[in-house]
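For reference, the structure discussed in these notes is given below.
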Amino acid sequence: MIDVKGKVAIVTGAGQGIGRDIALSLAESGVDIAVVDVNPEGAAKTVSLVEKTGAEGLALQCDIADSANVAECVSRVLDWREQVHFLINNAGITRDNLLLRMKDDQWESVIEVNLTGTYNFTKAVTKHMLKKRFGRVVNIASVIGLIGNAGQCNYAASKAGVIGFTKSVARELAPRGITANAIAPGFIETAMTAKLSDNLRESMLNQIPLGRFGLGRDVAGIVLFLISGLGSYITGQVINCDGGMVMS
């Protein structure tokens, strides 16, 4: 039973890619979407697509690493709708480099957006969820946070941090009816992967037992499951969405 119609979700980083796919999947199920992105044009485009499904949308530009900006953003959502039922922390960036060549700003920017941004939104939104004694938090991590990757120490650290953060939040908020889970996508088909050379794509595909890249809707389907009644007894978990790339 997917009982989400008429509910409200905040989806960060929903101006493109996986975040947009998540927003549209939830909208198609009747969820009104607050689309948060640093790029206002991308957010507006996603809202226009959301509204074509019959759901309502609100576009919000936000620097998720700025706690004051996040608090203002959440306040605007609550002015728009009286309750936020679902929070999807999807926004993230990469600034790849080998450790010995990595600049301090490359490390700091990735940690600030990917980890601190998740902290900022979760803290701001769950304060209101606690009053309602209901909420679903889904954090988009990465298989890189589980296995690491050369040239991505900053990204791996941020996503491993998101996983630990999710488990701690799940323990803290469970008594108030709030669940928190993480999804760890593997290689997902995006504009970036479409530009890879044939040799690199083949090398990446060889690591995936199912033999294909994932799609944004593969991740979105897990989000929908976790926020619905079907996932109501699941909390503190990390669900890999990687075609079998990481098995433990």
Side-chain angles (χ1 to χ4, degrees), residues 8-20 22-23 26 33-40 42-43 46 58-95 104-132 134-142 145 154-174 176 178-185 223 226-227 235-236 238:
V8 177
I10 294 175
V11 185
T12 70
Q16 62 179 343
I18 295 173
R20 177 175 287 174
I22 292 170
L26 300 191
I33 310 293
V35 175
V36 176
D37 203 280
V38 70
N39 179 353
T46 299
L58 175 69
L60 296 165
Q61 182 182 17
C62 184
D63 174 5
I64 68 171
D66 183 330
S67 61
N69 198 178
V70 169
E72 179 184 358
C73 182
V74 172
S75 178
R76 289 182 60 189
V77 176
L78 291 170
D79 286 341
W80 177 60
R81 293 289 188 273
E82 66 177 20
Q83 183 175 355
V84 176
H85 303 87
F86 315 127
L87 170 63
I88 318 302
N89 285 305
N90 165 78
I93 61 171
T94 58
R95 296 289 185 270
D104 287 351
D105 69 294
Q106 291 177 312
W107 171 268
E108 292 163 1
S109 61
V110 170
I111 297 297
E112 287 173 0
V113 172
N114 298 3
L115 183 53
T116 303
T118 297
Y119 158 81
N120 285 338
F121 254 101
T122 303
K123 184 176 181 180
V125 173
T126 57
K127 178 172 68 173
H128 299 280
M129 288 179 171
L130 285 167
K131 296 175 183 177
K132 301 292 185 178
F134 176 85
R136 302 284 180 261
V137 179
V138 182
N139 297 325
I140 307 302
S142 170
N154 48 4
Y155 185 75
S158 72
K159 293 301 187 178
V162 165
I163 290 169
F165 174 77
T166 301
K167 290 177 178 291
S168 296
V169 167
R171 290 185 180 276
E172 289 187 17
L173 302 183
R176 294 296 186 92
I178 300 169
T179 66
N181 293 286
I183 301 172
V223 172
L226 288 171
I227 68 172
T235 196
V238 183

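Along the sequence shown, residues carry numbers from 1.
When all heavy atoms of Glu82 and Lys132 are compared, the closest pair comes out as O-CE, 4.5 Å. Closest of all the heavy-atom pairs between Ala23 and Ala14 is CB-CB, 4.3 Å. Between Val70 and Ala124 the shortest heavy-atom distance is CG1-CB, 4.1 Å. In terms of heavy-atom proximity, Ile163 sits nearest to Ala141 at CG1-CB, 3.8 Å. Between Leu58 and Val77 the shortest heavy-atom distance is CD2-CA, 4.3 Å.
Here the straight-line distance linking atom CG of Asn120 with atom SG of Cys73 works out to 11.5 Å at 0.5 Å rounding. For the atom pair CG (Asp63) and CD (Glu72), the distance works out to 11.5 Å, reported to the nearest 0.5 Å. With rounding to the nearest 0.5 angstrom, the CD atom of Glu108 is 7.0 Å from the CG atom of Asp105. Of the inter-residue distances, the one linking Cys62 atom SG with Asn39 atom CG reads 13.0 Å to the nearest 0.5 angstrom.
Between Ile178 and the choices Val169, Val125, Leu130, the side chain to side chain contact (heavy atoms under 4.5 Å, CB included) rule is met once, by Leu130. In summary, of the residues considered (Val36, Val35, Val223, Ile33), a side chain to side chain contact (heavy atoms under 4.5 Å, CB included) with Val11 occurs for Ile33 alone.
No more than 12 heavy atoms of other residues, nucleotides or ligands lie within 6.0 Å of CD in Gln16, so this atom counts as exposed by the packing criterion. The environment of Phe165 atom CZ is dense: over 12 non-hydrogen atoms of other residues, nucleotides or ligands sit within 6.0 angstrom.
When the side chain to side chain contact (heavy atoms under 4.5 Å, CB included) test is applied to Asn90, the partners found at least two apart in sequence or on another chain are Thr12, Ile18, Ile22, Ile140. With sequence neighbours excluded, the residues satisfying side-chain hydrogen bond (donor to acceptor under 3.5 Å, both in side chains) with Arg20 are Thr46. When the side-chain hydrogen bond (donor to acceptor under 3.5 Å, both in side chains) test is applied to Lys131, no partner is found at least two apart in sequence or on another chain. Every residue two or more places apart in sequence or in another chain that forms a side-chain hydrogen bond (donor to acceptor under 3.5 Å, both in side chains) with Thr166 is listed here: Asn139. Every residue two or more places apart in sequence or in another chain that forms a salt bridge (charged side-chain N to carboxylate O under 4.0 Å, His left out) with Arg81 is listed here: Asp32, Glu56. Applying the side chain to side chain contact (heavy atoms under 4.5 Å, CB included) criterion to Thr179, with sequence neighbours excluded, gives Arg136, Asn181, Thr235.
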Original post:
What's the verdict on side-chain contact (heavy atoms from CB on, under 4.5 Å) for Glu172 and Thr126, showing C-alpha distance, side-chain angles and the deciding distance?
Top reply: CA-CA 11 Å; Glu172 289 187 17; Thr126 57; over 6 Å; no

Subject >> Trace of the side-chain contact (heavy atoms from CB on, under 4.5 Å) decision for Asn114 with Lys159 >> reply: CA-CA 7 Å; Asn114 298 3; Lys159 293 301 187 178; 4.1 Å; yes

Original post:
Do Phe121 and Val74 pass the side-chain contact (heavy atoms from CB on, under 4.5 Å) test, and can you show the C-alpha distance, the side-chain angles, and the key distance before you say yes or no?
Top reply: CA-CA 8 Å; Phe121 254 101; Val74 172; 3.8 Å; yes

Original post:
Yes or no on side-chain contact (heavy atoms from CB on, under 4.5 Å) for Val162 and Ser158, after CA distance, side-chain angles and deciding distance?
Top reply: CA-CA 6 Å; Val162 165; Ser158 72; 5.7 Å; no

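The closest donor-acceptor contact from the side chain of Asn69 to the backbone of Ile64 lies at 3.5 Å or more, if one exists at all. Counting only distance, with no hydrogens or angles, the side chain of Asn154 and the backbone of Arg95 share a donor-acceptor pair below 3.5 Å. Judged by distance alone, the side chain of Gln61 and the main-chain N or O of Val38 form a donor-acceptor pair under 3.5 Å.
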